[in-house]
Amino acid sequence: MVKTEAGKMMNARIKGIFKIDGITSTNPVAVGDEVEIEMENEIEQTGLITEIHQRKNYIARATPHQNRERHIVASNLDQLLLFATLKEPKTSQGFTDRFLVAAEAYHVSPVIVFNKSDLYRKKEMQVFEDRKKMYNAVGYSVLLTSIEKGEGLDELKDVLKDKVTLLSGHSGVGKSTFINAVFPELRLRTKEVSGWSGKGMHTTTFAEMFDLPFGGKIIDTPGIREFGITDINKQELSHYFPEMRELLNECQFNNCIHINEPGCAVKFAAEHGKIAMERYISYYNILESINEKSY
Ligand SMILES: Nc1nc2c(ncn2[C@@H]2O[C@H](COP(=O)(O)OP(=O)(O)OP(=O)(O)O)[C@@H](O)[C@H]2O)c(=O)[nH]1
Ligand SMILES: [Mg+2]
Ligand SMILES: [Zn+2]
């Protein structure tokens, strides 16, 4: 579906093979792309995509089954809004950190939103406070919302104003519910509360971009279970942890991957509480998951 400069929505198809930036992906055209179209069928008002403009940036992830394939999640973004929840469902810190690494690697600034605060008891509030403190120290904004109760919504709208935002996170965290709260008239499909099982089917099945009434655009996406890192090698991973990035010059070896090397400033910082141990563990887990063979 494309939107013309005149604001008209129309169905369009792609003809031929497109290779953008010399990369192959499972989806040649992604939400957020700017394209040239020709009218293909006047009666049915359908178009033909003839050209995809150079992307300012994009976010890509490994497709779950085929590690070599990559999927462009969206393109031409200003920021990434990661929806997380600490209950129904639980978003792990490891998942959050993978997303943050992708945001850093593709130069899209991230904001973390903890939603469903109405379900948090003392224990979850403590986890929220700890994560907020940890991520703020790294330089990331962290918001707390209850879309259900309308709490934190105004603050969130301020973050979105006049920007192109990709909304992502696990299935069931409330992404579409949030968009419905901004545009009641859209009536996007969201999961029934009674049907909530903690797992199961995705409610949103394709990515879609909406113009925000107060300026800016937002892209709703289907929930994902895991964010498969792609395009990043072991050597550069620590560049995408801002708190590690600033220490890299202090490691004894310039090819240090911060695990067992002597004179490692990053490991020293983690052991002495200057870098959160939880972040260092995420770093380690991501490092282990990177398949060097593909480089
Ligand atoms: N208690 C509570 N429930 C919420 C809140 N926000 C959303 N929900 C509920 O969470 C469920 C899932 O919401 P969706 O908006 O469908 O989740 P989604 O992130 O779009 O999920 P996918 O489309 O599958 O990726 C729905 O039953 C919502 O009503 C909240 O702040 N508090
Ligand atoms: Mg949804
Ligand atoms: Zn090191």
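In listed order, ligands and their atoms are each counted from 1. The figures that follow rest on heavy atoms only: side chains count, while hydrogens, waters and symmetry mates do not.
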When you look for heavy atoms under 4.0 Å from ligand 1, do you find them on the side chain of D118, its backbone, both, or neither?
-> side chain
Can you find an N or O of T177 that's nearer than 3.5 Å to an N or O of ligand 1?
-> yes
Without hydrogens or angle criteria, can the side chains of Y135 and D97 be said to hold a donor-acceptor pair below 3.5 Å?
-> yes
Would you check if there is a donor-acceptor pair between the side chains of Q79 and T165 at a distance under 3.5 Å?
-> yes
Which of these, V127, T96, L86, sits in a side chain to side chain contact (heavy atoms under 4.5 Å, CB included) with F114?
-> L86
With distance as the sole criterion, is a donor-acceptor pair present between the side chains of S75 and D33 under 3.5 Å?
-> yes
Heteroatom proximity flag, S171 to ligand 1, N/O under 3.5 Å = yes
Side chain, backbone, both or neither: the part of N115 lying under 4.0 Å from ligand 1 by heavy atom | side chain
Angle at the Zn ion (ligand 3) (to 10°), with one arm to SG of C256 and the other to SG of C251 = 120°
Closest to atom 31 (O) of ligand 1 among L153, V173, I147, T221 (heavy-atom distance) = I147
Within a distance under 4.0 Å of any heavy atom of L119, pick out the atoms of ligand 1 and give their elements.
-> 1 (N)
Greater than 12 external heavy atoms within 6.0 Å of E42's CD = no
Identity of the nearest option to atom 10 (O) of ligand 1, non-hydrogen atoms only, from K116, K87, E148, E151 = K116
Do any N/O/S atoms of T221 come under 2.8 Å of the Mg ion (ligand 2)?
-> no
Atom CG of D162: over 12 foreign heavy atoms under 6.0 Å | yes
Determine, considering heavy atoms only, which of A181, S176, G150 sits nearest to atom 20 (O) of ligand 1.
-> S176
Pair R98, S289: side-chain N/O donor-acceptor within cut-off below 3.5 Å = yes
Please say whether more than 12 non-hydrogen atoms of neighbouring residues, nucleotides or ligands are located less than 6.0 Å from CZ in F128.
-> yes
Could you tell me which N, O or S atom of H258 is nearest to the Zn ion (ligand 3)?
-> ND1
Atoms of ligand 1 less than 4.0 Å from P222 heavy atoms?
-> 25 (O)
